[in-house]
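A short write-up of the structure that comes next.
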Number of protein chains: 2
Amino acid sequence: MSHFAHLSEENYLKALFKLSSKQVKKVNNIALAKELDLNPATVLEMVRKLSDRKMVQLMPDKTIHLTEKGRKKALLTIRKHRLWEVFLVDKLNYQWSEVHELAEQLEHIESEDLVNRLDAFLGFPASDPHGDPIPDKNGKLTQVQLIPLKEVELGKTYIVQSFAETADSFLDYLSKVDIRPAIKIKILDRNEYDQSLIVVINKKQLHLSEKVAKNILVKP
Amino acid sequence: MSHFAHLSEENYLKALFKLSSKQVKKVNNIALAKELDLNPATVLEMVRKLSDRKMVQLMPDKTIHLTEKGRKKALLTIRKHRLWEVFLVDKLNYQWSEVHELAEQLEHIESEDLVNRLDAFLGFPASDPHGDPIPDKNGKLTQVQLIPLKEVELGKTYIVQSFAETADSFLDYLSKVDIRPAIKIKILDRNEYDQSLIVVINKKQLHLSEKVAKNILVKP
DNA sequence: GGATTTTATTTGGCATGCCAAATAAAATGT
DNA sequence: ACATTTTATTTGGCATGCCAAATAAAATCC
Ligand SMILES: [Mn+2]
Ligand SMILES: [Mn+2]
Ligand SMILES: [Mn+2]
Ligand SMILES: [Mn+2]
């Protein structure tokens with residue numbers, strides 16, 4: 001028994017919430033297995049347990065949907081994750097690109113009271129160091145309209161909000177060129193041939209490939 | 001696999017360190033099982049694993065001793081536990097009697113870097129909210145000489161440092177009569193018949209039974 | 001020293017999560 | 001329609017930690 005029972009449930013629910021938010025493709029067993037980097041047999045077994053626990057619903061077309069209960073738990077886990085990230089950056093002076101893995105552990109600390117106190121201690125932040133919004137204690141998420149940098153208008157200035165990619169190599173790159181949430185970015189020009197962008201950040205001119213521009217999310 | 005692998009190892013090592021510090025009785029399988037509130041078969045199995053991992057040594061007389069490696073790991077876990085307790089009390093406004101169970105989870109967060117930063121953030125505290133000393137980052141523990149209140153001299157004043165008992169009912173009692181680490185306590189009289197004490201705390205007179213007095217540890 | 005109690009150990013099981021390999025079913029392409 | 005690929009499912013196993021019950025060994029009592 002001990003502590004951290006049903007720890008992995010929270011990871012499954014988070015992954016399901018993430019996939020359903022994208023809603024690019026149907027969320028099936030394979031998609032979930034890929035997201036979690038686990039064997040499909042493992043995932044199928046666990047999804048059945050989650051179904052028994054009324055956290056997910058298995059649809060006739062084999063897609064996996066979060067129930068209200070599952071959605072709530074996913075959002076409370078995301079809340080914990082993001083608040084701990086704020087703590088690590090604001091109080092322990094971590095870089096915003098370093099905190100994700102640490103928060104993967106801290107998010108499983110069980111006490112809800114603790115995370116509510118943490119929220120107050122941090123001054124009720126609206127978003128985490130990556131620019132992602134923090135659900136409130138009831139699991140309510142206030143979404144802002146995000147635009148991929150790839151699709152912005154020339155000449156305008158935007159505020160970097162978050163990113164659509166979490167690979168370390170991507171985050172390292174962003175860190176190197178000093179792109180981070182809340183920073184201002186002005187769009188100078190677009191190369192129509194390869195869809196790359198010329199932008200200005202901190203008064204320095206920068207060339208961003210289409211692949212990078214696709215994964216940087218901004219708001220006007 | 002996932003996170004928190006070998007989580008229980010840290011609990012076993014902490015328990016072994018605690019028992020060996022008391023050194024009232026020999027630390028054998030039964031004693032450890034009692035301390036951890038686990039089945040002796042379970043504990044024997046785990047102790048053998050810890051022996052394989054060179055964390056403990058099984059002596060010919062069946063007592064269980066921490067190796068240097070095991071002692072170090074125990075002390076680093078205790079360090080994490082106590083620093084998180086300081087965090088909970090100093091930053092999240094918990095009562096010192098509420099934090100133990102929460103710290104039981106937080107102590108298993110793996111990053112050593114994190115706990116060192118936490119230490120700095122908290123201002124390198126010397127002891128936790130219960131008055132217990134915090135090991136440094138190398139696992140070095142500075143012990144102060146502790147005297148059970150039962151054994152103090154009449155007429156003198158002492159400083160409460162920590163407690164030799166962790167039962168909730170005991171901590172609740174202390175909380176009610178406002179006995180906590182760092183508070184001053186003056187010894188007025190001792191009843192020779194039942195070994196109870198009359199003391200003064202915060203200018204209020206208080207009667208302490210022998211059982212209570214045995215478990216309150218003070219320094220001059 | 002023989003009976004009793006305590007401690008140590010073995011055995012078989014269980015729960016949670018994970019995997020690889022085999023098979024079955026469904027979807028897709030031509 | 002038929003072959004290929006993708007997805008779903010089954011089966012047998014493994015690792016970590018836990019328990020209850022049975023047995024063996026050691027210590028203690030009288
Ligand atoms: Mn996680
Ligand atoms: Mn984040
Ligand atoms: Mn613990
Ligand atoms: Mn403590």
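It should be emphasised that the depicted structure is a prediction, and the values quoted were computed from it without experimental measurement. Atoms considered below: every heavy atom in the structure, side chains included; atoms not considered: hydrogens, waters and symmetry mates. Labels below follow one simple rule: chain letters A, B, ... track the order of the sequence lines, proteins then strands, and each chain is numbered from 1.
Remark: B:Lys91 qualifies as a cation-pi partner of B:Phe121 under the 6.0 Å distance and 45° angle criteria applied to the six-membered ring.
Environment of CG in B:Asp37: sparse, with no more than 12 heavy atoms of neighbouring residues, nucleotides or ligands closer than 6.0 Å.
Rounded to whole angstrom, the span from the CG atom of B:Asn11 across to the P atom of D:dT16 amounts to 17 Å. The distance from atom CG of B:Leu7 to atom C1' of C:dG17 is 15 Å, rounded to the nearest whole Å. Whole-Å rounding puts the A:Glu10 CD to C:dG17 P distance at 11 Å. At whole-Å resolution of the value, CG in A:Asn29 and C1' in C:dC18 are 14 Å apart. When rounded to the nearest whole Å, the span between CZ of A:Phe4 and C1' of C:dG17 equals 16 Å. Atom NE2 in B:His108 sits about 17 Å away from atom P in D:dT16, given to the nearest Å. Atoms CD1 (B:Ile64) and C1' (C:dT7) sit 11 Å apart, rounded to a whole Å. Rounding to whole angstrom units, CG of residue B:Asn28 and C1' of C:dT7 are separated by 7 Å.
Across the strands present, D:dA22 finds its partner in C:dT9; the criterion is a Watson-Crick or G-U wobble pair with both atom distances under 3.5 angstrom. Taking a pair to require two hydrogen-bonding distances under 3.5 Å in either a Watson-Crick or a G-U wobble arrangement, C:dG29 pairs with D:dC2.
Residue A:Tyr12 has no polar side-chain atom (N or O) positioned under 4.0 Å from OP1 or OP2 of C:dT16.
By the side-chain hydrogen bond (donor to acceptor under 3.5 Å, both in side chains) test, B:Tyr94 pairs with A:Asp113, sequence neighbours left out.
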Show me the side-chain donor-acceptor pairs of residues 42-60 of chain A shorter than 3.5 Å, one per line, residues at least two apart or across chains.
from	atom 1	to	atom 2	distance (Å)
A:Arg53	NH1	A:Glu9	OE1	2.7
A:Arg53	NH2	A:His6	NE2	3.0

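There is a side-chain donor-acceptor pair under 3.5 Å between B:Asn116 and B:Arg79. Side-chain contact of B:Ser20 with B:His65: a donor-acceptor pair under 3.5 Å is absent, judged by distance alone.
Screening B:Glu10, B:Glu110, B:Glu107 for a salt bridge (Lys or Arg N to Asp or Glu O under 4.0 Å) with B:Lys80, the sole residue that qualifies is B:Glu10.
Take the nearest nucleotide of DNA chain C for A:Lys62 and for A:Glu9: the residue whose nucleotide is more 5' is A:Glu9.
Contacts between residues 34-61 of chain B and DNA chain C, defined by a heavy-atom separation below 4.0 Å, involve B:Ala41, B:Leu44, B:Arg48, listed by number.
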